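Please read these numbers as outputs of a predicted model, since none were measured by experiment.
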Amino acid sequence: MNYTERAKQLGFSAAAVMDTKNLVFKPEYRVFCEENRCGNYDRNPACPPESGSVEEMKEKALSYNKTLVLQTTQSNDMDYKKAKLVHNRLTESLAEEMKKDGKSDLLIMTAGPYRHHSCMSAYCVDAQEMADAVGMTCWGKDGKVRYFSQVLFHDTGK
């Protein structure tokens, strides 16, 4: 299955696969969690501190060799909570298709904490660096809001 094409069919505005080793991790991003900006710190098991230390989460991410980067783009007048929910549901839907395709061991990083998935901030992934690496816009001057998630997987080349 071509995951980037399938992602676009499902409704993502952009999708790309990159080598996980090229993700940029910035441990200082953990402060966003510790400041409890999303309200889930020490409440959601997918979030810090229960989800693990910065080092543990980075090590877990780097145990996968490929990362499917997913993006949706919304107008800034759309309800951001609904837009994020739609994005995360699409991410889970695509991950389920990947599992049916034989990719049983996946790591999902959502746009903000979602159910039992940690967000990219908890993993300290730099979204701008990730977007740049795959040729996507992270912050634009077009009045659009962009949400990102990732599905990390093992690609054995078969």
How long is the straight-line distance from [atom2] of [Y] back to [atom1] of [X], given to the nearest 0.5 Å?
X   : Y    : atom1 : atom2 : value
C47 : H117 : SG    : NE2   : 12.0 Å
L68 : L70  : CG    : CG    : 4.0 Å
T72 : N88  : OG1   : CG    : 8.5 Å
K84 : K81  : NZ    : NZ    : 9.0 Å
E96 : T91  : CD    : OG1   : 12.0 Å

Per the salt bridge (Lys or Arg N to Asp or Glu O under 4.0 Å) rule, what does the pair list look like for [range], sequence neighbours excluded?
range            : answer
residues 40-57   : none
residues 62-76   : D19-K66
residues 104-133 : K26-D126, E92-R115

All salt bridge (charged side-chain N to carboxylate O under 4.0 Å, His left out) counterparts of E35, not counting sequence neighbours: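 E35 satisfies salt bridge (charged side-chain N to carboxylate O under 4.0 Å, His left out) with R37 once adjacent residues are dropped.
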
E5: what forms a side chain to side chain contact (heavy atoms under 4.5 Å, CB included) with it, not counting sequence neighbours?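 Expected list: N2, K8.
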
Could you list the residues that satisfy side chain to side chain contact (heavy atoms under 4.5 Å, CB included) with N36, not counting sequence neighbours?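 Expected list: Y41.
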
Ring pair (Phe, Tyr, Trp, His ring centres under 6.0 Å) involving H87 - partner list, sequence neighbours excluded: F12

For F32, which residues count as a ring pair (Phe, Tyr, Trp, His ring centres under 6.0 Å) partner, sequence neighbours excluded? Y29

Clusters formed by hydrophobic residues whose side-chain heavy atoms approach within less than 4.5 Å: which one holds [X], and what are its other members?
X    : value
V145 : Y80, Y147
W139 : none
V54  : none
L107 : M18, L23, F25, M57, L62, Y64, V69, M109, M120, Y123, V125, M130, V134, M136, F148, L152

Donor-acceptor contact below 3.5 Å, side chain R146 vs main chain Q74: no

